[in-house]
Novice: 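Take a look at the following structure, please.
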Amino acid sequence: MQRHAEHVQICFDCAAACEQCVTACLQEEHVMMMRDCIRLCRDCADFCKMCASLTARNSEYMMDFMVLCAEVCDACAEECSKHDDEHCRACAEACRRCADDCRKHSANA
């Protein structure tokens, strides 16, 4: 479990960044233009929380889920990168870090 503690934290950090991005996007004047960002951030937050939970309990499915989580994080990072808002840039960075860590852990199964 100790070897996965950092990965769990990275997943939770990404989920938090996604949730913060959604909250900030909903306050934007151009909220309708942020629909895809909001949708992907919500999905990504849920995937990251589930990935953290599966990893924390050392689930037999955690490695497979990490691969899927990395894909969702990549999609969210790509969408958030399209926007100049600070919260989107922070979210994109957190998503890239989580995706990279998910790939690293799933490859070292």
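All heavy atoms count here, side chains included; hydrogens, waters and symmetry mates do not.
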Novice: D74 and A99: which non-hydrogen atoms are nearest, and at how many Å?
Specialist: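 Scanning both residues, the minimum pair turns out to be OD1-CB, 3.3 Å.
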
Novice: If I compare all heavy atoms of C95 with all of C18, which pair ends up nearest, and what's the gap?
Specialist: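 Nearest pair, atom of C95 first, then C18: SG-SG, 3.9 Å.
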
Novice: Starting at CZ of R39, measure out to SG of C44 and round the result to the nearest 0.5 Å.
Specialist: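 The distance works out to 12.0 Å.
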
Novice: For E86, I'd like to know if atom CD has over 12 heavy atoms of other residues, nucleotides or ligands within 6.0 Å.
Specialist: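 Counting other residues, nucleotides and ligands, CD of E86 exceeds 12 neighbours.
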
Novice: Could you verify whether a donor N or O on one side chain and an acceptor N or O on the other, from E28 and H87, lie under 3.5 Å apart?
Specialist: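 A pair is found: one side chain offers a donor N or O, the other an acceptor, under 3.5 Å apart.
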
Novice: Does any non-hydrogen side-chain atom of C37 lie less than 4.5 Å from one of K82?
Specialist: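 Heavy-atom side-chain distance check fails, nothing below 4.5 Å.
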
Novice: I would like to know whether C73 and C69 meet side-chain contact (heavy atoms from CB on, under 4.5 Å); could you show each step before the answer?
Specialist: CA-CA 6 Å; C73 286; C69 187; 4.1 Å; yes

Novice: Over 60° means perpendicular and under 30° means parallel, so classify the ring planes of F47 and F65, tilted if in between.
Specialist: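 Aromatic pair F65/F47 classed parallel.
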
Novice: Could you go through the side-chain contact (heavy atoms from CB on, under 4.5 Å) check for H7 and C102 one step at a time?
Specialist: CA-CA 8 Å; H7 177 69; C102 280; 3.5 Å; yes

Novice: Salt-bridged, K104 to E6, with N to O below 4.0 Å?
Specialist: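 A salt bridge is absent here (no side-chain N lies under 4.0 Å from a carboxylate O).
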
Novice: At their closest point, which heavy atom of T55 faces which heavy atom of H4, and how far apart are they?
Specialist: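 Heavy atoms of T55 and H4 come nearest at CG2-CB, 3.5 Å.
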
Novice: Within the structure provided, determine whether R97 and C14 are in side-chain contact (heavy-atom separation under 4.5 Å).
Specialist: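 No; the side chains remain at least 4.5 Å from each other.
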
Novice: Applying side-chain contact (heavy atoms from CB on, under 4.5 Å) to E78 and L40, what does each step give before you reach the verdict?
Specialist: CA-CA 10 Å; E78 184 177 331; L40 276 167; over 6 Å; no

Novice: Can you name the closest pair of heavy atoms from I38 and C25 and give their distance?
Specialist: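 Looks like CG1-CB, 3.6 Å.
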
Novice: For a 4.5 angstrom cut-off between non-hydrogen side-chain atoms, does V22 reach Q27?
Specialist: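 Side chain of V22 against side chain of Q27, heavy atoms only: no contact under 4.5 Å found.
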
Novice: State, with a plain yes or no, whether a side-chain heavy atom of M50 is found less than 4.5 Å away from one of C11.
Specialist: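 A side-chain contact under 4.5 Å is absent here.
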
Novice: State, without any angle test, whether R96 and S81 hold a side-chain donor-acceptor pair at a distance under 3.5 Å.
Specialist: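 There is such a pair between these side chains.
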
Novice: Roughly how far, to the nearest 0.5 Å, is the SG atom of C80 from the CD atom of E93?
Specialist: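 Here the rounded value is 12.0 Å.
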
Novice: Within the supplied structure, the quantity of interest is the number of heavy atoms (other residues, nucleotides, ligands) at a distance under 6.0 Å from Q9 CD; does it exceed 12?
Specialist: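 Counting other residues, nucleotides and ligands, CD of Q9 exceeds 12 neighbours.
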
Novice: Mind checking whether M62 and L68 sit in one hydrophobic cluster, side chains of I, L, V, M, F, W, Y counted as touching below 4.5 Å?
Specialist: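 M62 and L68: one cluster.
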
Novice: Looking at every non-hydrogen atom in both residues, tell me the closest pair between C88 and M34 and how far apart they are.
Specialist: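 Nearest heavy atoms, C88 then M34: SG-CE, 3.8 Å.
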
Novice: Hey, what do you get for SG (C41) to CG (L26), rounding to the nearest 0.5 Å?
Specialist: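 Interatomic distance, C41 SG to L26 CG, rounded to 0.5 Å: 10.0 Å.
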
Novice: Of all the heavy-atom pairs spanning I10 and C98, show the shortest one and how long it is.
Specialist: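 So the two residues come closest at CG2-CA, 3.6 Å.
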
Novice: For the pair R103 and D100, find out whether any cationic side-chain nitrogen is under 4.0 Å from an anionic carboxylate oxygen.
Specialist: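 A salt bridge links R103 with D100.
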
